[in-house]
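Working notes, structure below.
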Protein chains: 2
Amino acid sequence: MIEPNEIEKTTAAIANKYRLSILLELAKKGSITGTGAQEITGLSQPCVSHHVKLLVDSGLVVSQKTGRCQKLSLNKEVFDKLAGFLKKLSE
Amino acid sequence: MIEPNEIEKTTAAIANKYRLSILLELAKKGSITGTGAQEITGLSQPCVSHHVKLLVDSGLVVSQKTGRCQKLSLNKEVFDKLAGFLKKLSE
DNA sequence: GAAATGCATTTAAACTTTTCGATATATCAG
DNA sequence: CTGATATATCGAAAAGTTTAAATGCATTTC
């Protein structure tokens, strides 16, 4: 089950063109770094850091830090839960 | 297929507690009126009108006007498309 | 036709999000 | 140790969203 609060957070996290482009790249590549996200979006580093934080806080994205690099990847369980909720609404 | 732009619009439309409560009520009841949406949310009439407009503009909700009443209902195809997109991301 | 009802629009205030420059911290390379 | 790289945080400006009061406009009811 998914809580209204989690639905709000995850949909809000998706609802931005730069964050969406990061998510699409993650789906395509499996994982990227923060610097990779910067290259994709063309935004400043602090701005990307902020967007990545929103994605991670929403639960949609997982960040594993090794050394100074972060490895970002999708939390597929959360996508599944959200997709399931939306599918159920349309039945 | 669903365009990034449509993903942004629909997820943004969902990402609000009042709009989400309207969507949940629509899923439960099949349809409600603008006045019904007002009762559910407890918001002012212009504010609800604005939220309903966002939902309709996003394509998630359909409004059929008969006389002075509007009948709101879910556009299940759009929910399906969005759910399908999210499901695909998590594969 | 007058009053009431349902919804839309305008306007303006309050609030939130987005953005970037500056700065901080930690790690890695030489 | 020094300089470079990756990321985080702070602060402030700009842009966008949310809200309600006031008003407008059809449509229904009496």
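None of these values were measured; they are calculated from a predicted model. As a basis for the values below, the full set of heavy atoms in this structure was taken, side chains included, without hydrogen atoms, waters or symmetry mates.
Computed from coordinates, the I32(B) CD1 to dG6(C) P distance equals 14 Å when rounded to whole Å. The OH atom of Y18(B) sits 12 Å away from the P atom of dT16(C) (whole-angstrom rounding).
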May I have the list of side-chain donor-acceptor pairs in residues 38-45 of chain B shorter than 3.5 Å, sequence neighbours left out?
residue, atom, partner, partner atom, Å
T41(B), OG1, A37(B), O, 2.9
T41(B), OG1, Q38(B), O, 3.4
T41(B), OG1, L43(B), N, 3.2
S44(B), OG, C47(B), N, 3.3

If you look only at distance, which donor and acceptor atoms sit under 3.5 Å apart when one is on a side chain in residues 51-63 of chain B and the other is two or more places apart or in another chain?
residue, atom, partner, partner atom, Å
H51(B), ND1, R19(B), NH1, 3.0
K53(B), NZ, D57(B), OD2, 3.0
S58(B), OG, L55(B), O, 2.7
S58(B), OG, L60(B), N, 3.2
S63(B), OG, Q70(B), OE1, 3.2

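Residues meeting the side-chain hydrogen bond (donor to acceptor under 3.5 Å, both in side chains) test with E25(B), sequence neighbours left out: K29(B). With sequence neighbours excluded, the residues that form a side-chain contact (heavy atoms from CB on, under 4.5 Å) with A12(B) are A15(A).
Heavy-atom distances under 4.0 Å link DNA chain D to no residue of residues 3-17 of chain A.
Within the nucleic acid shown, L54(B) comes within 4.0 Å of sugar-phosphate atoms alone, with no base atom in reach, counting heavy atoms only.
Closest approach of L72(B) to L26(B), counting heavy atoms only: O-CD2, 3.2 Å.
A distance of 10.0 Å separates CG of L24(B) from CD1 of I14(B), quoted to the nearest 0.5 Å. For the atom pair CG of L86(B) and CG of L82(A), the computed distance is 5.0 Å after rounding to the nearest 0.5 Å.
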Per-nt protein contacts along nucleotides 1-15 of chain D (heavy atom under 4.0 Å; B base, S backbone sugar-phosphate only, - none) come out as ---BBSBBB------
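Residue pairs meeting the salt bridge (charged side-chain N to carboxylate O under 4.0 Å, His left out) criterion with at least one partner in residues 71-91 of chain B, sequence neighbours excluded, are E6(B)-K81(B).
Set against dT19(C), dT18(D), dT18(C), the side chain of R19(A) has dT18(C) as its closest nucleotide.
Residue L43(A) is the one, among L43(A) and T66(A), whose nearest nucleotide of DNA chain C lies closer to the 5' end (criterion: closest heavy atom).
Taking the screw axis at each terminus of the helix from dG1(C)-dC30(D) to dG30(C)-dC1(D) from five consecutive base pairs, the angle between the two is 30° to within rounding of 10 degrees.
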